[in-house]
There are 2 protein chains.
Amino acid sequence: MTTSRPGGRDRPPGERGDLLDPRCPTRQLLDRIGTKWTSMAVKVLAEQAPGEVRFAELRRRIPGISQKMLSVTLQSLARDGLVARRVEPTVPPAVHYRLTELGRSLEGPLSALRVWAETHMPEIDRNNQLADEPPPTG
Amino acid sequence: MTTSRPGGRDRPPGERGDLLDPRCPTRQLLDRIGTKWTSMAVKVLAEQAPGEVRFAELRRRIPGISQKMLSVTLQSLARDGLVARRVEPTVPPAVHYRLTELGRSLEGPLSALRVWAETHMPEIDRNNQLADEPPPTG
DNA sequence: TGACGAGGTCACGTTAGGGAACTAGGCTGA
DNA sequence: TCAGCCTAGTTCCCTAACGTGACCTCGTCA
């Protein structure tokens with residue numbers, strides 16, 4: 001997702017003169033939760049909220065995710081302040097994650113979206129199949 | 001957004017085997033509305049719903065979008081059945097877009113997300129800045 | 001001749017996401 | 001003593017996709 005300047009080059013002056021509004025918060029939010037694993041992680045964490053989930057447990061609950069992507073996703077969420085990270089200095093170190101207050105407040109809108117998705121995705125899939133079909137005779 | 005494919009329904013056989021659960025509708029939805037311009041287009045169209053908006057007008061209302069991306073975005077939305085496309089056979093042809101019933105039903109959850117984003121993005125930005133700062137002494 | 005409207009196409013750069021290998025370090029077993 | 005295991009990452013490298021600008025169409029109007 002590139003909200004930043006594409007290509008890094010500058011555009012001719014006096015052209016349209018405007019770049020993208022960096023103030024569109026919805027885009028910024030979707031840049032975050034729209035990444036492949038983020039919403040799943042939030043969901044899994046929300047299911048346990050206000051409890052904590054460990055790294056390996058998250059991995060287990062998010063089928064298909066790699067260590068790296070889970071790590072990257074959690075770091076991103078932690079940076080945003082949506083999840084909190086607690087390290088137990090045992091050996092091997094145990095790291096616990098939980099949604100923050102902010103993260104839990106996101107669960108409402110996100111679950112609304114989830115409900116919509118579960119309700120309407122079949123219809124969207126059907127629409128796509130219709131669009132793939134050859135046009136009806138006539 | 002790897003699962004979305006604007007122009008190809010099946011993947012080459014013998015790829016890396018399997019992809020993620022295709023049964024996660026939330027991911028599929030986010031693959032769609034998470035693309036850079038989709039949510040903006042939906043928003044602009046929703047503001048005019050149930051009225052129509054023309055291509056050039058959409059372009060004007062979405063600062064920074066290129067013709068191509070607007071075109072691609074609208075095609076994708078039309079494929080999904082979220083927007084309807086009406087061509088007036090004038091010269092030059094005038095194409096009108098509007099949200100379908102399905103599209104308008106998405107506006108609810110989406111606007112909830114938008115409200116959340118507008119409310120909390122400053123906090124998220126602040127959290128990011130805090131994360132960038134050097135750790136406090138002591 | 002050029003602009004408009006609604007795109008299509010091409011070449012290109014950036015980015016997300018993926019795999020595999022590597023790290024830390026106390027504990028266990030040989 | 002040394003190898004190997006465990007968790008939670010990190011690093012490198014690669015590819016597919018996403019998004020971009022530039023240029024093209026086509027008919028009419030000025």
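Here is the naming used below: chain letters follow the sequence lines, and residue numbers restart at 1 for every chain.
- Sequence order on DNA chain C of the closest nucleotides to Gln67(A) and Val91(A) puts Gln67(A) first from the 5' end.
- Salt bridge annotation for Glu57(B)-Arg61(B): present, with a cationic side-chain nitrogen under 4.0 angstrom from a carboxylate oxygen.
- Across all their heavy atoms, Arg32(A) and Thr38(A) have their closest contact at O-OG1, 3.1 Å.
- Between Arg60(A) and Lys68(B), it is Arg60(A) whose nearest contact on DNA chain D lies nearer the 5' terminus.
- Against DNA chain D, the stretch residues 42-56 of chain A makes heavy-atom approaches under 4.0 Å through Arg54(A), Phe55(A), Ala56(A).
- Every residue meeting the side chain to side chain contact (heavy atoms under 4.5 Å, CB included) condition with Arg98(B), not counting sequence neighbours, appears here in chain and number order: Glu52(B), Ala84(B).
- Under a 4.0 Å N-O distance rule, the pair Arg104(B)/Glu101(B) qualifies as a salt bridge.
- Two residues, Leu74(B) and Met69(A), neighbour DNA chain C, and the one matched to the more 5' nucleotide by heavy-atom proximity is Leu74(B).
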Once pairs are restricted to Watson-Crick or G-U wobble with both distances under 3.5 Å, how does DNA chain C read as a dot-bracket string, [ ] for crossings and | for other-strand pairs?
|||||||||||||||||||||||.||||||
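- Remark: Arg126(A) does not engage Glu123(A) in a salt bridge, criterion side-chain N to carboxylate O under 4.0 Å.
- A salt bridge is absent between Glu88(B) and Arg54(B): the closest approach of a Lys/Arg side-chain nitrogen to an acidic carboxylate oxygen does not fall below 4.0 angstrom.
- Contacts of Gln75(B) with the nucleic acid, taken as non-hydrogen atoms under 4.0 Å apart, involve only primed sugar atoms and P, OP1 or OP2.
- Neither OP1 nor OP2 of dA6(C) sits under 4.0 Å from any side-chain N or O of Arg86(B).
- A donor-acceptor contact shorter than 3.5 Å links the side chain of Trp116(B) to the backbone of Ser105(A).
- Rounded to an integer number of Å, the gap from Arg59(A) CZ to dG19(C) C1' is 12 Å.
- A donor-acceptor pair under 3.5 Å is absent between the side-chain atoms of Ser71(B) and the main chain of Gln67(B), judged by distance alone.
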